Amino acid sequence: MNPGMEAIPNPATIDQPGPVRWFAWLGLVLIFFGPILFFIQLRDKQLVVPWYVPILGTVGLGLLIVSLTRARTAWGIAGVVFIGLVVVGEWYFLLALMRLPAYSGPVAVGSPLPTFTATRANGSPFTQDDLKGTQNTMLVFFRGRW
Amino acid sequence: MIELGELEAHHSEFAQRNTRVVVASVEGREAAEKTQHDFPHLTVVSDQERNLANTVKLIHPRSAPDGGDTAAPTVILIDRRGIVRWLFRPQSILVRLTPAEKLAALDEHLPAERD
């Protein structure tokens, strides 16, 4: 370098402007905060659809994209793509995989349950006749022990 | 199992409404025995042959973690004469009625059948 010349700073080594860095960090916090909240929800036995997970993920992804537009790096782009796939997966999980079809079977209000046979835990049979007696019955179908 | 735990914890409130809680899944009898041991105040039913689930058309295909079928979460309220009084199916498998919501449904659809 000639004497008197000042080194031209490398744009890649310039620190990101303050607000842009905050966007990136806030985006990451929001992305991870959703699943953490979901675990808290489960711990508190609240069985509702956690829409906040993909919503927070989407907002966080948006913030990451904003920060990336100011300072693009290969790792940053790869990270945004990966997180984008995760967020898309979260939306797909809740909107498609977790959806239940509306009930369209033969059970109708005002009619008895169709004839059936199942087995109690002690091995004795359980049929539609066992639904009649001195008590009402709340019949709850659950998915299993897992 | 969160739902079953909640039902077990509130079993006395169902009993006050002259209502027993019967819980059914397509798991085998061994699993049903474990469930019955864990939740002694519920009546646990094994529907491994899927006779009940197929009869009322509740099978949710390929919904178990191992890819197997499960019974779609559904609540059916049946009076003492065996007549269906109410049926609830959530829109998502992540959703369950709270015990308070189940008791409210009881109070709404079977208000005069507590004795």
Side-chain angles (χ1 to χ4, degrees), chain A residues 38 41-54 90 93-146, chain B residues 1-4 6-7 14 17-25 27 29 31-36 43-47 51-53 55-58 60 63-65 70-87 89-96 102 106 110 113:
Chain A
F38 181 56
Q41 175 192 309
L42 290 180
R43 184 203 64 186
D44 291 344
K45 301 176 183 177
Q46 299 298 316
L47 298 176
V48 296
V49 182
W51 292 113
Y52 51 83
V53 173
E90 290 172 348
F93 184 76
L94 291 186
L95 289 173
L97 294 183
M98 293 294 104
R99 292 285 292 184
L100 268 177
Y103 182 72
S104 59
V107 176
V109 173
S111 299
L113 224 61
T115 301
F116 69 87
T117 300
T119 309
R120 298 174 199 258
N122 62 8
S124 61
F126 185 80
T127 71
Q128 70 285 349
D129 291 333
D130 293 306
L131 296 173
K132 303 171 189 172
T134 57
Q135 285 185 300
N136 306 313
T137 300
M138 179 162 280
L139 182 56
V140 178
F141 291 87
F142 69 104
R143 300 175 71 219
R145 288 189 61 86
W146 44 263
Chain B
M1 302 302 281
I2 292 177
E3 183 182 28
L4 300 194
E6 296 280 275
L7 288 169
F14 287 94
R17 291 162 171 80
N18 193 32
T19 300
R20 61 176 171 171
V21 178
V22 178
V23 296
S25 76
E27 292 182 314
R29 192 173 145 215
E33 285 178 353
K34 290 179 188 172
T35 303
Q36 186 69 80
T43 300
V44 181
V45 170
S46 163
D47 187 32
N51 183 271
L52 173 57
T55 297
V56 299
K57 302 242 186 307
L58 283 179
H60 190 203
S63 54
T70 67
T74 308
V75 178
I76 303 176
L77 190 54
I78 303 160
D79 68 20
R80 293 176 293 179
R81 293 171 289 279
I83 304 299
V84 174
R85 301 292 286 267
W86 181 69
L87 181 148
R89 162 80 62 84
Q91 291 186 333
S92 168
I93 63 175
L94 296 175
V95 175
R96 301 290 186 279
K102 290 186 174 85
L106 255 179
L110 287 170
E113 305 206 20

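Not measured: the values here are computed from a predicted model. We name chains A, B, ... by the order of the sequence lines, and we start the count at 1 in each one. Basis for what follows: all heavy atoms, side chains included, without hydrogens, waters or symmetry-related copies.
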Which one of [options] has the most heavy-atom pairs closer than 4.5 Å to chain A?
{"options": "B:V95, B:V84, B:V44", "answer": "B:V84"}
{"options": "B:L7, B:L4, B:V21, B:V23", "answer": "B:V23"}
{"options": "B:R20, B:R96, B:K102", "answer": "B:R20"}
{"options": "B:H60, B:E6, B:Q36, B:Q91", "answer": "B:Q91"}
{"options": "B:D47, B:L106, B:T43, B:L77", "answer": "B:L77"}

Beyond-backbone contact of B:V56 with B:T74, side-chain heavy atoms, under 4.5 angstrom: no

Roughly how far apart are [X] [atom1] and [Y] [atom2], rounded to 0.5 Å?
{"X": "B:L110", "Y": "B:W86", "atom1": "CG", "atom2": "CH2", "value": "10.5 Å"}
{"X": "B:I78", "Y": "A:L139", "atom1": "CD1", "atom2": "CG", "value": "5.0 Å"}
{"X": "A:N122", "Y": "B:S46", "atom1": "CG", "atom2": "OG", "value": "11.5 Å"}

Considering all heavy atoms, the nearest B:I2-A:K45 contact: CG2-CB, 3.6 Å

Non-hydrogen atoms of A:K132 and B:R81 that approach each other most closely: CG-O, 3.6 Å

Test: B:K34 and B:E27 ion pair at under 4.0 Å: no

Quick check for you: among [options], which has the greatest number of heavy-atom pairs under 4.5 Å with chain B?
{"options": "A:G123, A:A102, A:S104, A:G105", "value": "A:G123"}
{"options": "A:Q46, A:R120, A:Q128", "value": "A:R120"}
{"options": "A:V48, A:V49, A:T117", "value": "A:T117"}
{"options": "A:S111, A:P50, A:A108", "value": "A:S111"}

Salt bridge (charged side-chain N to carboxylate O under 4.0 Å, His left out) partners of B:R29, counting only residues at least two apart: B:E33

So for [X], is it side chain, backbone, both, or neither that comes closer than 4.5 Å to the heavy atoms of chain B?
{"X": "A:D129", "answer": "neither"}
{"X": "A:T115", "answer": "backbone"}
{"X": "A:F126", "answer": "side chain"}

